[in-house]
Amino acid sequence: MDRLAPKIPRQRRAFSTLGGPVAVGGEPGPARILRDLFAVDPALARALTHGFHSYAGRMHPTIARGAIAAFSQPGETVVDPFCGSGTVLVEAMAAGRAAIGVDASPLGTAIARVRTTLLGAAERERLVAEAVRVAEEAGERARKRRRPEGPAWARGEIARFHAHVLYELLGLRELVFATPDDGVGLALRLCLSSILVKFMKAGPEAPRDGLTKRIARGVPSRMLADRAAELAAGLVAIERRMPAGTPAPKVHEGDARELPIPNGRAALVLSSPPYAGTYDYATQHETRFAWLGLSPRVFRRVQLGARTAAIGKVGVDSWRVAEERFIAEIARVLRPGGQALLVVGDGVVGVRSEHAPEIGRAHV
Ligand SMILES: C[S@@+](CC[C@H](N)C(=O)[O-])C[C@H]1O[C@@H](n2cnc3c(N)ncnc32)[C@H](O)[C@@H]1O
C-alpha cells in the first residue's frame, strides 16, 4: 500500500496510509466506504484524548470514526476485542454507541480506561491540580539534586535514562503513587507512563535523538502537568460530543479468543488485531509495565502473533488456530446482520510474509 508513497521521516503515528493509492475489492458500496476511511484527517490525531498516550499499532481515529458512522447506529453496541489504548471505544462513546473493549494487555486496558472515564468536572479539576502540585514538588527536588530512594528494579533503569532525568522521573513516580488509587490516581499514573519514552536514551521505544538530547531539570515534571491538562481537555471534548444517555464504555482485561460478551450483543465489531510477527507488545512496552507496577506474565502467555527475536517464529499452525478462534468469537458476539471490520497490517507467518488481504480469508 505504501510502496509509492513519498519518503517521510520516522515518527510515531497511528496506522494510516502515507498518501499512496488505495486498492479496493468486493461489493462496490462497502468498498467505497472503506476506501474513503483511509483518507485520514490529521487534525483528529490528537483530538478527544487520541494523542494522550502513544501505543504501538494504534488505529487512526478517522478510520474508527468513519466506520462507526457507516456501519452502526446510535444506541447500538460496538465491540473491539483488541482494544489496545481505546481508540475505537473513545470514538464509539463520542458517537453515542455503547462500547465494549477487551485487550490482553493490562497496559492497553489501563490506557483505555483512563481515556473513557470522563471523571466529571470536579474530578478533572482535581486531576489537573494534583498534577501541578506533584510537578512543582518533583521539579523542586530535582533542582535541589535530591535523589529519591526508588525501588530495587529501578537501578537497571540507568541504562535507559540519563541519571538526572531518572532521578526526577522516580521522584514523580513516588509522588504520583502516593495519591489515592482512584480514577484521578490512575489518570496520574498514566500521565507518567505517557511521558516516559520522551526521555529515554535507549530501549525499544527510545526516540532516535534520545542519546544527544539535553534535558534540563524540571522539564519532565512540567511535561507531566501538561499531559494531565491535555487529558482533562480531551475528556471535556468527549463529554461535549457524547449524546446524553450514552452508557460508559466497558473495558475488560481478557483474551479475544474467549470474549466476556453475550451472544449477539454487537451491531459492529471494529478492531485491529495483532499483525502476525510484527510487534511484541510485552517487550515493546516493558518500561511502562515496570514503572506502572504491572506484571506482563499472563500477557506474555496469551499475547497472539508476537514477534520474537528471530523473524519467522510465529508458527503457521498456532497462528491459524488463534485466528480461527478469535474470528469465531467475533461471529458469536455479532447480532444477525451485524458487521465486522478488521484493520490489519501485513505480517510474517512461518517463513513467509502474509499480506493483509489474505488474513482471515480462510475462516470467513
Ligand atoms: C494493533 S493493536 C490494537 C491497537 C488499538 N486499536 C489502538 O488503537 O490502540 C493489537 C492489540 O492486540 C492485543 N492482543 C494481543 N493478543 C491478544 C489476545 N489474545 N487477546 C486480546 N488482545 C490481544 C495487544 O495487546 C494489542 O493491544
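In each ligand, atom 1 is the first atom listed, and ligand 1 is the first ligand listed.
Partners of Arg113 under the side-chain hydrogen bond (donor to acceptor under 3.5 Å, both in side chains) rule, at least two apart in sequence or in another chain, do not exist in this structure. For Arg241, there are no salt bridge (charged side-chain N to carboxylate O under 4.0 Å, His left out) partners at least two apart in sequence or on another chain.
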Find all protein N or O atoms under 3.5 angstrom from an N or O atom of ligand 1 and list the pairs with distances, or write 'none'.
residue: ligand 1; atom: 8 (O); partner: Met59; partner atom: N; Å: 2.9
residue: ligand 1; atom: 8 (O); partner: Thr87; partner atom: OG1; Å: 2.6
residue: ligand 1; atom: 9 (O); partner: Ser85; partner atom: N; Å: 2.9
residue: ligand 1; atom: 9 (O); partner: Ser85; partner atom: OG; Å: 2.7
residue: ligand 1; atom: 16 (N); partner: Leu304; partner atom: N; Å: 3.0
residue: ligand 1; atom: 19 (N); partner: Asp255; partner atom: OD1; Å: 3.1
residue: ligand 1; atom: 19 (N); partner: Val302; partner atom: O; Å: 3.0
residue: ligand 1; atom: 20 (N); partner: Ala256; partner atom: N; Å: 2.9
residue: ligand 1; atom: 22 (N); partner: Ala104; partner atom: N; Å: 3.2
residue: ligand 1; atom: 25 (O); partner: Asp103; partner atom: OD1; Å: 2.7
residue: ligand 1; atom: 27 (O); partner: Tyr55; partner atom: OH; Å: 2.7
residue: ligand 1; atom: 27 (O); partner: Asp103; partner atom: OD1; Å: 3.4
residue: ligand 1; atom: 27 (O); partner: Asp103; partner atom: OD2; Å: 2.8

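Between Phe199 and Trp291, the ring center distance fails the sub-6.0 Å criterion.
Under the 3.5 Å distance criterion, with hydrogens and angles disregarded, no donor-acceptor pair is assigned to the side chains of Arg143 and Ser221. Looking only at atom types and distance, the side chain of Arg227 has no donor-acceptor partner in the side chain of His53 under 3.5 Å away.
Legend: side-chain hydrogen bond (donor to acceptor under 3.5 Å, both in side chains) pairs involving residues 328-337, not counting sequence neighbours, sorted by first then second residue: Glu76-Arg335, Asn263-Arg332, Glu329-Arg332.
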